[in-house]
Amino acid sequence: MIRVAVVDDEQLVRSGLRMILGTAPDIEVVADCGGGQAVATVRACAPDVVLLDIRMPDVDGLTVLRALRDAPQPPAVAMLTTFDANEYLAAALRGGATGFLLKDTDPEQLVQAVRTLAAGGSVLDPGVTRAVIGGYLASEAETTAAEAVAALTPREREVLAHLGAGLANPQIAERMGLAPSTVKDHVRAVLGKLGGLNRVQAAIVADRAGLVTAQGKDRPQGEEAGRAQGAGQVRRAGQVQGAGPPGGGA
């Protein structure tokens, strides 16, 4: 059973999310609260996934996110956002959020997103993709992605390209003809060499470095992938995902 906590300052939003997630047989909403009670509530109920409003009047989501990421066993955190909160998205990404969802996300996609997060993956709603990528890249030096990718081995660049294309670890293993455990080790190595990034951030680096084709297909460019050859795209919500342990593992 996937344990979920919902943090939002609006009771109506919390009730709606609880109702939607309650329809899934494998998901249990163990708590919902406002921002002021968030850290204590999450620590008390130990959820696998936290859906966290990015902007709240009492304690903002970024403050809560930082506190949760400092926990010994942090949950996977997806930020709940609206179209007018773009200025917060890059900061949340740097703060360790592993998902970004619009509050009006389709119920079926929301349920699948929670499952993806609980499996150790990341989700990026297409409605906020441009804002997340744009805000994150605007805060980074132009050469950051190319320099980071240049430090990877050819096989690690291939793994990163698959991450950028939205493949989960089992899919990467199948494409590369490797054991899933070997792929997991490669993913951990890649994320570590990129500075301890999560999978969403790594996908953006892959996109920036030109490892993903403009069509968004999973056709990594092998040993030549270190060269920036034009922007790709991060795929639909739920497709930037992995199969590590809950809480953002590789």
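In what follows, every heavy atom counts, from backbone to side chain, and hydrogens, waters and symmetry copies are set aside.
Met1 CE: more than 12 foreign heavy atoms inside a 6.0 Å radius.
Closest heavy-atom contact between Val114 and Val49: O-CG2, 3.9 Å. Closest non-hydrogen pair, Arg157 versus Leu152, comes out as NH1-O, 2.8 Å. Taking both residues in full, the closest heavy atoms of Val4 and Pro47 are given as C-CB, 4.1 Å, listed atom of the first, atom of the second, then distance. Among all heavy-atom pairs drawn from Met56 and Val59, the shortest one is CE-O, 3.2 Å. Nearest heavy-atom pair across Val42 and Ala5 is CG2-CB, 4.4 Å. Nearest heavy-atom pair, Lys193 versus Ala151, reported as atom, atom and distance to 0.1 Å: NZ-O, 4.0 Å.
Exactly one residue among His186, His162, Arg199, Glu174 makes a side chain to side chain contact (heavy atoms under 4.5 Å, CB included) with Asn169. That residue is Arg199.
For Thr63 and Asp60, the side-chain atoms include at least one donor-acceptor pair closer than 3.5 Å.
To the nearest 0.5 Å, the span separating CG on Asp106 from CG on Leu101 amounts to 11.5 Å. Atoms NZ and CD1, from Lys184 and Ile172 in turn, are 13.0 Å apart once rounded to the nearest 0.5 Å. Between Leu117 atom CG and Leu51 atom CG the span is 7.5 Å, to the nearest 0.5 Å. Taken to the nearest 0.5 Å, the CG atom of Leu163 stands 10.0 Å off from the CG atom of Leu211.
With hydrogens and angles ignored, the 3.5 Å screen pairs a side-chain donor or acceptor of Arg69 with a backbone N or O of Pro75. Between the Ser15 side chain and the Gln11 main chain, a donor and an acceptor come within less than 3.5 Å of each other. The backbone N or O of Leu102 sits less than 3.5 Å from a side-chain atom of Thr105, completing a donor-acceptor pair. Distance alone, capped at 3.5 Å, is enough to place a donor-acceptor pair between the Glu156 side chain and the Thr153 backbone.
Looking at Pro74 and Leu68, their side chains never come closer than 4.5 Å, going by heavy atoms from C-beta outward.
Taking the charged nitrogens against the carboxylate oxygens, Arg55 and Asp9 have no contact shorter than 4.0 Å, which rules out a salt bridge.
Counting only residues at least two apart or on different chains, the salt bridge (charged side-chain N to carboxylate O under 4.0 Å, His left out) pairs with a member in residues 17-33 are Arg14-Asp32, Arg18-Asp32, Asp26-Arg115.
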